[in-house]
Number of protein chains: 8
Amino acid sequence: MQTPDLKIFLQQVAAGKLSVETAMQRLEHWPYEDLGFSKVDHHRQQRQGFPEVIFAPGKTAAQLKSITRALYQRSGLVLITRLAPEQVKVLRTLKLPLKYNAIARCAIIRKPSARIPEKGCVAVVTAGTADIPVAEEAAVTAECLGAKVDRIFDVGVAGVHRLIAHRSQLERARSIVVTAGMEGALASVVGGLVACPVIGVPTSVGYGTAFGGVTPLLAMLNSCAPNVAVVNIDDGFGAGFLAALINRTGAQ
Amino acid sequence: MQTPDLKIFLQQVAAGKLSVETAMQRLEHWPYEDLGFSKVDHHRQQRQGFPEVIFAPGKTAAQLKSITRALYQRSGLVLITRLAPEQVKVLRTLKLPLKYNAIARCAIIRKPSARIPEKGCVAVVTAGTADIPVAEEAAVTAECLGAKVDRIFDVGVAGVHRLIAHRSQLERARSIVVTAGMEGALASVVGGLVACPVIGVPTSVGYGTAFGGVTPLLAMLNSCAPNVAVVNIDDGFGAGFLAALINRTGAQ
Amino acid sequence: MQTPDLKIFLQQVAAGKLSVETAMQRLEHWPYEDLGFSKVDHHRQQRQGFPEVIFAPGKTAAQLKSITRALYQRSGLVLITRLAPEQVKVLRTLKLPLKYNAIARCAIIRKPSARIPEKGCVAVVTAGTADIPVAEEAAVTAECLGAKVDRIFDVGVAGVHRLIAHRSQLERARSIVVTAGMEGALASVVGGLVACPVIGVPTSVGYGTAFGGVTPLLAMLNSCAPNVAVVNIDDGFGAGFLAALINRTGAQ
Amino acid sequence: MQTPDLKIFLQQVAAGKLSVETAMQRLEHWPYEDLGFSKVDHHRQQRQGFPEVIFAPGKTAAQLKSITRALYQRSGLVLITRLAPEQVKVLRTLKLPLKYNAIARCAIIRKPSARIPEKGCVAVVTAGTADIPVAEEAAVTAECLGAKVDRIFDVGVAGVHRLIAHRSQLERARSIVVTAGMEGALASVVGGLVACPVIGVPTSVGYGTAFGGVTPLLAMLNSCAPNVAVVNIDDGFGAGFLAALINRTGAQ
Amino acid sequence: MQTPDLKIFLQQVAAGKLSVETAMQRLEHWPYEDLGFSKVDHHRQQRQGFPEVIFAPGKTAAQLKSITRALYQRSGLVLITRLAPEQVKVLRTLKLPLKYNAIARCAIIRKPSARIPEKGCVAVVTAGTADIPVAEEAAVTAECLGAKVDRIFDVGVAGVHRLIAHRSQLERARSIVVTAGMEGALASVVGGLVACPVIGVPTSVGYGTAFGGVTPLLAMLNSCAPNVAVVNIDDGFGAGFLAALINRTGAQ
Amino acid sequence: MQTPDLKIFLQQVAAGKLSVETAMQRLEHWPYEDLGFSKVDHHRQQRQGFPEVIFAPGKTAAQLKSITRALYQRSGLVLITRLAPEQVKVLRTLKLPLKYNAIARCAIIRKPSARIPEKGCVAVVTAGTADIPVAEEAAVTAECLGAKVDRIFDVGVAGVHRLIAHRSQLERARSIVVTAGMEGALASVVGGLVACPVIGVPTSVGYGTAFGGVTPLLAMLNSCAPNVAVVNIDDGFGAGFLAALINRTGAQ
Amino acid sequence: MQTPDLKIFLQQVAAGKLSVETAMQRLEHWPYEDLGFSKVDHHRQQRQGFPEVIFAPGKTAAQLKSITRALYQRSGLVLITRLAPEQVKVLRTLKLPLKYNAIARCAIIRKPSARIPEKGCVAVVTAGTADIPVAEEAAVTAECLGAKVDRIFDVGVAGVHRLIAHRSQLERARSIVVTAGMEGALASVVGGLVACPVIGVPTSVGYGTAFGGVTPLLAMLNSCAPNVAVVNIDDGFGAGFLAALINRTGAQ
Amino acid sequence: MQTPDLKIFLQQVAAGKLSVETAMQRLEHWPYEDLGFSKVDHHRQQRQGFPEVIFAPGKTAAQLKSITRALYQRSGLVLITRLAPEQVKVLRTLKLPLKYNAIARCAIIRKPSARIPEKGCVAVVTAGTADIPVAEEAAVTAECLGAKVDRIFDVGVAGVHRLIAHRSQLERARSIVVTAGMEGALASVVGGLVACPVIGVPTSVGYGTAFGGVTPLLAMLNSCAPNVAVVNIDDGFGAGFLAALINRTGAQ
């Protein structure tokens, strides 16, 4: 219930158009209706500007289909991440306009009316080729939220000049996602080159003391560049979401 | 060497005003001069929109004074963090217009001309009173970079209604810094309430299995709200810096 | 040997019906017989009010069948947790009145006479849908021990209003089990809303720095709500057991 | 605002006794007023049956005095934990009826009317003498919340018979707090002897691989006795609070 | 080169039967020949009283067969641990007098002349049934080295009276191996009951925070009983070897 | 109650000299009296052949004096470890025949009649000079329990020949204590040279990734020599105790 | 752009053969062209004396083939590490002169003209047979870079004399690679015997507290021999690369 | 006993000038004398080309003086690291030609004859000013072993162009020491720029998740540049020692 609605509601009570009993019923659930606990998806979209996103792992075929269908009907825009190949087959049976990005392991189902027009630019950078699936998850997510995405892949610090060659691309981004495994140094180096916020995504690329991404995570948290923040290991979705939010800030 | 300078330089070579030998000497160091390695501070300010910040711990009195004086003369704006009380005394001997925030342990020295006009709003939130020093470091930093700051302190999740009462303040911020120790749950709850980016700062508040901030760090990295990014433990400066960058994105 | 038995025993010695030698032999083992080491199951039921529970992983078909049969004959009530599908088939060959909960991965075999009448109420709460198997294990266990169970699922802190909507259910419970993975913040938020003890069960739901449940474990141990205690990762059984014990305390 | 109040409120609007504008103002803050965000202390006492407890470390003399005075005036009962000796001196200047337990490092300030009558019994057990400060914190807290406390100290598992000698004391408790450092085995052994809930408090007693309490924490989380839950390292307050809540459940 | 050989060698030099040059060559390698680097197995048996033991994991069929055959021919006694089922089949093709213990996953191949007569007694204790494979590895190893072994299984601390019932068995052992997973408390309790050395073997039994045996390892390292030493997780072989060495000390 | 006492007790019941009621009262507490819970120290000495040892850290002057006096009177032999200098002064005021070893930080107070005659030999080895305090604690403890001690100090593996030079000393020991910090390799090398049990004591000597003794602990737990068992970091007392127990096994 | 090219370039500008505009365009990218970002492989070979090495895991068949072909054409020398058996089959379809070392899991494809002549000697040592695959990876890499390699396998510290027997081989090496799992002590012992740099490679050989190579890693980092440096767990390639670089230093 | 001595010795036996008995006594200890266990320092110098280095922490004044005097007399060259200021005063009382580097916390005492002539060049690089003490320790050590040292300080990756400006210095070094705390990325970036071996020294510079140097350690171990090896946290001495050894390899 928005503030204007609230005024109308109270005017109706004052005018006797709404009985005290009916008013009480509505008010008892009001903060939750207003917050939408029984209409979860609508409210999330209002509150955060984007509908809920489906994290596929562990969902059964039945769950995946019913949640997808429900979200599609209500918001016209569904993003599903970390899809296993057999889950994609399940989704295709829904006969919805599904676009699947196999590298990102993401699917997007969207009514034409639900497209968010792209404004502003986000860069997504990887240290190596093995980081690309995580980077694509970030890129697809950011595009879904209305950002143009510049992909700059395989520019790790062992050959720092490859990165410097893309400086102009980096400089025109409103925010940058840096995905890197192993020693994760790329986030710091990129952070030092640009003025915009950098979202570091440590990846589980590496072996031995890479500890499944802990090492690049720690490296990024200790970045000597002050414009670097970090998300969970392999969390391309979260990084793309944040980068797009920052980009949207600039678009307002 | 700016682009106009470069044109003049080449015209001088073409015109024979500059010998090939002299030109070669200058060009050999050019990319670095252009990047300003010997004029570090000016270039940082151009590249990132803010001069270098001084991290005080471990600096001797002499080092602190000479770096501060140099930065003040060049950029007119010096931010010094994590100052020990005796270091503040040292700085006061410089007879510069120093403002010291004892809770944040920060000092700002600024020429009137160097003030960045405040635009847009950042919220800085704490779970408890013990998180306030870190939060103040974030707030002072963000103000220094031109953000208005809303301080919302002591709204931890054990009484979640206190937080909800400040929802309108949270909603008008372009970015939010959440400082929390112990279980660090506040970042997730704030993230779920708002649409803007949230920068989580785990603090070393707590004992035993708080492990000096590792527990809130892990909690924030695993936030179920997708709009939360994280910086190092107790890194109020980094969080304030990022929040202000995001705010500035919205101001452009 | 119960106290009445002890009296009879000593009266027999006093009356010469029991020789000193025979009496000595019996007394040498008395404290252990009294504690029932050779009748393990009966004594556990007397000492703790509930027979031993079978933890299925690693048990062979033969072991599982013989332990189940023995416990069923003696106590009429068998709870078996963490059953693999093939172990359920093995148990069905026993032709006992087995009820299997596939989500909880638990089976109950019970003589009608062994039913513990339900009194009082325990709430079992989950942050997400992926936590439901652990929550069901807790719920089944608590029901087995005579508690009514209110299931409140998918009320994680990213949408805190969903939880608040169930406050009256939470308030009528004598104890609450909270299962949550990722950042585990739900235990603190529930703890802050209610006056009863809360048993937190960190789950292995999450990826990367969730570290298989370590992150929600640490978060729950550092809860700012003082009425939260914690059990092992994914230990739904332990949490349900404790919640039912607390509920039983209220029923006495 | 309780349901009866809500009815009256709406009837006043319907009757024109309350203008729409005034009604709107009140409704805007309603859920929070109902939850008492501006009367924090009173609401905590209503919601959880006990006023807020003051954790002394890091509080300044001024903060400590003003919070203590405020809580004393409102609820007549103040519990302050982890007091440093100099903080005790500060509190004495308030001229309130303070009782200080130096071993527990706790102070209680209580109006005669605020005493919670003792009902039921909680046992507090230690493995060694070095665990006594944590155990006393638990005992003082539990007494404060209306539990009688049986102290059973120095009964560690290297001489398990000492513990068995106190079995009748253990059996009459409604809940038991077990404090132990080093290998923390006592919680399991006590758990195996009794039918009531056991709250394990790992202590930082030990050296080397005791890792400041991590080892007994892990041991207690993996207890083979299913009636053991765990709180943070050295958290005597939390354990005593929970034990007293469980005891109170039995008293209702 | 034994001392008698050394005397003969020097007498040959003194007598001119051995030229200075030849003597120099032999002396250059002497300490290593004396230590038998090229006759590894014989020397190990002389130095430590038992031939090398074969750790099967990772060995190919060919390696396993050739090492086994060589050790059998030289020392007449081969102990092979951690055998996979298919490796047992490989060994059977050698047509040697192989005895395979499937629970312990060990094989012994022994000439009748190589049997070490059993003297003295070692106890091998387990907390639960899941620890039995590790315990059997210890028992088989200790028997191989000439110890009688008392197996005392499933006497974990949740029912401490079961253990006490076996006190006389524990007291007659010259050393005791305690295998336990989960909280590993059994080593401390056994250590407190007896006067002989106790070798704790943490096992990987458990889940969640048992961390694959790290928790019982830490618990055993912090035992409050001073007669407990620890070996690697699941290292039944090492524990049985040490227990047998201690037993042999008593037999000399 | 010893077996003879038990016979007399039952004969008194049989003869009517002891009433059934009185007998019942005594039997109820019998197992604990028999185990001596109220005469703790005497029973420990009977059960383990050595009285309780006092661990000084954290004990007040009053506690230290009263425990020492009590143990001295009952058993005539007191070993106190980890004494701070001021605690030694406290103990001297008892006017007992105290011998203080400043390097080992141990004191021994012994009646002439309580001396355990030295038999058999234990070697105590250190990698470096910084390990000597831990080694001396082990040596003093072992001597106290009746072992002769060979001290072999500063024979770390960076110069492995220094160690080999002491091989005959190592070979005549019935058990060996090896103290080493840093990489802790000495335990493996010693273990490979001898046939007797080796007790490894990781020390907190080192910096950085020595992690206060965790590194040598892990190294010793993974020793490729099967005759190495390990105790807690810096636990010279435990190692000396175990080495002496093993030596005593050989002396029986 | 090499220095001679730079001279020519400026002479062309001076001579008017190159317009200022064209010159500006070229200069803008000059530092990157000089560093060769678009000719990655050639530059790596110039900068580091060896072309890029292909790390096979995670590469698709198509990626593997195209990268291999490209590198072969440009540099005539391709080293591919960590090859899975099916990847080897893929490479064989390229019909290039491939040599595959199955134990090292490495392939080398080399034009006769690309062979680096072997000079100087590197020793590669293992503690056990299970370390051989890592050691072979190091050996193959070092040979590829022009080092002769002495393989000294299975000389672990449990029989230190086996190692000492190879001292002359160790002494003639310009650098030594030591691969060891479990307690990793071999690096220290080798380091103490020789004067040249030792590269320690911790391997994931072992179980339990070997923690997949963390234990030998920590041991090697804490080596008491100052001539030991360490690479990542199982990183035979890195160690062989470094050892060959050091050897090459001696060859210049 | 050197080879010439050995010949003389055997000739004396052959000539009857040395009795078999006397010869046997000498030979029994020969390998150790040959290896110099009783002349430790001389042999180390022969074996590794540099005398033992004194690690000052934990050494008493008396120990420090006697070891220093002994080493000075025998080898004429003493390097002492990690000196506390009061230990320097102690050393000055020896009246030896001591040179103290306060930043490196090292002292060198050297006879003019013991100077190793400087050949070849080593670079020592730091990320920040706080890494300089560790870097100076490395530099002083390397100079002591005969390397010229290029110091390149404060070239961290947040401004990567500062580093690139020193490329020619880096390229002329035979080996490079890189000291860096925080995220430790500098080692990878330097490694990617040069062809020589790089020794990474993680420093304990940083806070929070820098974990006292663990983060840069992990980063350096996972360097994507294959020419990086790592030493212990803050181990400037070890890094300088290795860099000088590598430099010496090039000088031979």
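A note on names: the letters A, B, ... follow the listed sequences, proteins ahead of strands, and every chain is numbered from 1.
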Task: Which portion of A/V189 sits near chain H, non-hydrogen atoms under 4.5 angstrom - done: both
Open item on the list: Using 0.5 Å steps for rounding, measure from the OG atom of A/S188 to the CD atom of H/E183.
Closed with: 3.0 Å
- [ ] For residues H/N222 and A/A210, report the shortest heavy-atom separation together with the two atoms involved.
- [x] OD1-N, 3.1 Å
Open item on the list: Given heavy-atom pairs under 4.5 angstrom as the criterion, report whether the side chain, backbone, both or neither of H/Y207 touches chain A.
Closed with: backbone
Task: Rounded distance [0.5 Å steps], CD1 in A/I164 versus CD1 in H/I164 - done: 3.5 Å
Task: For H/T215 against A/A219, the heavy-atom pair lying closest together - done: CG2-N, 3.7 Å
Open item on the list: Tell me the closest heavy-atom pair linking H/L221 and A/T209, and the distance in Å.
Closed with: CB-OG1, 3.6 Å
TODO: Walk me through it: do A/L218 and H/L218 pass the test side-chain contact (heavy atoms from CB on, under 4.5 Å)?
DONE: CA-CA 9 Å; A/L218 292 175; H/L218 292 174; 4.0 Å; yes
